[in-house]
Colleague: 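Mind having a look at this structure? Questions to follow.
Each ligand, and each atom within it, is numbered from 1 in the order the structure gives. Below, each value reflects all heavy atoms present in this structure, side chains not excepted, and no hydrogens, waters or symmetry copies.
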Amino acid sequence: MPRSGATGFSTVINCMDGRIQLPVLDFMRNRFGHPYVDNITIAGPVRILANGTPAAILDAVRERLHVSVEVHGSRTIAVVAHHDCAGNPVSREEQIAQLRPACDWVRSLYPHCTILPLWVNAHWQVEVVDWE
Ligand SMILES: [Zn+2]
């Protein structure tokens, strides 16, 4: 079983929503060419990461990131927000605003990794968020 970044793991912190799993996993595989995508799912992750609460969920995400980065050797971590999110029922603009502190939280844990903010739109297409 391959274990290093060179052999192909990336990571997503995604919503649990079934509509976005395959689009996000396919996007990551196509963009980075890594065959394996470690999939950390919770409901409305950007809201929780941006708010820094509840602590138990943050701890669970931290544990999973540890396995993905330190054991599997992932060096690319995407954070995902999406259209019509039941766990985070606010506008696209608010979710995009939450993505920035959510990504900052991940970056504070793994400054050597590439952190990628993603938005899944109403057509279930994956877009890279560009704040500039
Ligand atoms: Zn959602």
Colleague: Report the relative orientation of the aromatic rings in H82 and W124; use parallel for angles under 30°, tilted for 30 to 60°, perpendicular for over 60°.
Modeller: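 Ring orientation of H82 relative to W124: tilted.
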Colleague: Quick one, W119 with Q95, criterion side-chain contact (heavy atoms from CB on, under 4.5 Å). Give me CA distance, side-chain angles, the key distance, then yes/no.
Modeller: CA-CA 9 Å; W119 169 256; Q95 293 202 63; 3.8 Å; yes
Colleague: I'd like to verify the contacts: list protein N, O or S atoms under a distance of 2.8 Å from the Zn ion (ligand 1).
Modeller: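 Hits for the Zn ion (ligand 1) below 2.8 Å: C15 SG, H82 NE2, C85 SG.
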Colleague: Determine, step by step, whether L116 and F32 satisfy the side-chain contact (heavy atoms from CB on, under 4.5 Å) criterion, reporting the C-alpha distance in whole Å, the side-chain angles of both residues, the deciding distance to 0.1 Å, and the verdict.
Modeller: CA-CA 12 Å; L116 189 70; F32 299 105; 3.8 Å; yes
Colleague: Looking only at side-chain N and O atoms, does T11 offer a donor or acceptor that is under 3.5 Å from a partner on S74?
Modeller: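 Judged by distance alone, the side chains do pair up.
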Colleague: Side-chain donor-acceptor pairs under 3.5 Å in residues 106-113, sequence neighbours left out?
Modeller:
unit_1 : atom_1 : unit_2 : atom_2 : d
R107   : NH1    : D104   : OD1    : 2.9
S108   : OG     : W105   : O      : 2.6

Colleague: Salt-bridged, R62 to D59, with N to O below 4.0 Å?
Modeller: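 So R62 pairs with D59 through a salt bridge.
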